[in-house]
Amino acid sequence: TVDSGMLFPQESSSREVKELNGLWDFRADKSPNRNQGFERAWYKSRLAETGPVIDMPVPASYNDITQDPSLRDFTGWVWYEREVVVPARWVADEGTRVVLRVGSAHYYSIVWVNGVKVTEHEGGHLPFEAEIGSLIRKDPTTPCRITIAVNNTLTLKTLPPGTIQYMSDRTKYPDGFFVQNIYFDFFNYAGIHRPVLLYTTPKAYVDDITVVTDFLDNTGLVKYTVSVQGATTATLKVTLMDKDRHCVASSSDQSGVLKVVDVKLWWPYLMHENPGYLYSLEVRQSQTFLPRSTQDVYTLPVGIRTVNVTSTQFLINNKPFYFHGVNKHEDSDIRGKGLDWPLIVKDFNLMKWLGANSFRTSHYPYAEEILQMCDRHGIVVIDECPGVGIKDIRSFGNASLTHHLAVMDELVRRDKNHPSVVMWSVANEPAAEMPPAEYYFKTLIKHTKGLDPTRPVTYITDSNYARDKGAPYVDVICVNSYFSWYHDPGHLEVIPIQLNTQFENWYGKYHKPIIQSEYGADAVPGLHSDPPMMFTEEYQNVVLQKYHDVFDQKRKQYVIGELIWNFADFMTAQGITRVVGNKKGVFTRQRQPKAAAFILKERYWRLANETG
Ligand code: GCB
């Protein structure tokens, strides 16, 4: 389990943030065993003194930045470095904690400051941090040198899993040739994907806040717990404020329940004229360190809402919620999976244009900045962990499960307070029919419910309904299917019968609500044919329409949502089924609409009016 909080870094009257985004020195370790950087201790001096370095933007995937194919397809350690001038007041004040934080780096990271290792972290999609105050105070006259080594190698014990395969036939492959096998359908982009920053807190600080919300008639209930570190006798002031910064409730206890009269609930987009209403929970913590006192202030956005699941419905604030949304990727030209504000805002504008009220973070946790947008705009999120491509029986082993549980710890710790997050997804399309899947998913789901008893838990399946070993443990059945695409390609006429059977089978066996968590077809933008043929925009249209007809019959019964695969085209590994990436987007990778986007838009706005 995790032993500290991971509150999103924020400035306040007691906290400062210094972003380290921009150009870093970069060097890929192309030595045969990828280990030269460690053998020669590249972290001990300036990276530029160890050999040639290039400019690398942070945040960004490094893969598509240069013209070098061996860097695009690189597997192994890459090294990032930059120097930062730390404000003198941070150095001078022993009472200031200085924390180095990495939003995410794919996949395994080791961090040094002035040649001293400060932390390491496994997992490519969640933040990690280290307190570095004592190190920068050691030698306040030199700039602070931050070195981050990142390794994107995936093995059977990583999440997502992969394997490294060496090819020893020298009549076919050059010396040292190996490939990274992956079992998921998106490019294994790597590097420092999210912002790196330094932030400060006082020595006695607010380490974590947990809120759980509820309401009774017109009264909102905010159950909160504050955890404070570094203080012996902290006094606390917790104030809940509305949008106009008027105090609506307050307390001086470390935990308790705040009552909000005439509560304004957090509602999803299109379900209410004022979606995404957020209160602010200001936590003000004071501590007296003689001869002076310090204060720490942290303000958490809070949306008051409830989530419940029945055998046929998904309820938000006790009202049936129908997911009409998308599956996404963090993916775009040049920057790969690097966080990019113009892209994020554009995607929200496109989702709203479509009338999408929800998305799934397929197939890994997205940047917390994105969840904050969801909170504010009322976009509902199914928060998925990187458990994608669990196909090999060895991936169900103990070491893999232990890591998977740890990832859920980190994911729930980071995202537990987001009102937009209404459900956890612990995996996508695992080999759920294999015998070890039963214990694996039973344990994983129980663990997740232990971490957060307030949200339903699911995983996304493409297994046979009768043989799926984990389905008994999920709250909502999420099914992916690609009728007339991967099965019976070209035969659009099979969709009504096969999709009906799919729903009846799953509901008949489990009596749980069902989300069509993926469906779709590739369309190369600009390819046309009538009658429709695969890969044309017309074919994608008809697949969607035929699925929609069945959804309309079933959504009044127990189908509670439909998420198109995919919002936009995205990059994949090279292969014979992918024409420069996956083309199942309703938008192109450059975020221009295909014909299908207009069909979806019409439908989603109609659904918004019908389902309220
Ligand atoms: C799936 C996967 C998704 C793929 C998609 C496809 O079932 O969950 O990651 O991209 O199918 O297009 O093959």
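In listed order, ligands and their atoms are each counted from 1. Only this structure's heavy atoms are used, side chains among them; waters, hydrogens and symmetry mates stay out. Keep in mind it's a predicted model, so treat the numbers as computed, not measured.
In terms of protein heavy-atom proximity, atom 12 (O) of ligand 1 is nearest to K584 NZ, 2.5 Å. With respect to atom 4 (C) of ligand 1, the closest heavy atom belonging to the protein is D185 OD2, 3.3 Å.
A centroid separation of less than 6.0 Å is found between the aromatic rings of Y62 and F26. The aromatic ring centroids of Y364 and H329 lie less than 6.0 Å from each other. Checked against the 6.0 Å centroid threshold, W565 and H363 count as a close aromatic pair. In this structure, the ring of Y322 has its center no less than 6.0 angstrom from the ring center of F551.
In Y486, the part holding a heavy atom less than 4.0 Å from any atom of ligand 1 is the side chain. Neither the backbone nor the side chain of V388 comes within 4.0 Å of ligand 1, counting heavy atoms alone. Contact annotation: for I460 versus ligand 1, there are no heavy atoms closer than 4.0 Å.
Nearest to atom 3 (C) of ligand 1 by heavy-atom distance, out of W485, F186, W565, Y519, is W565.
In this structure, N582 counts as a contact residue of ligand 1, since one of its heavy atoms falls inside 4.0 Å of the ligand. Ligand 1 is never approached by H329 to a heavy-atom distance shorter than 4.0 Å.
Ring pair Y604/H324 is tilted by interplanar angle, where 30° to 60° counts as tilted.
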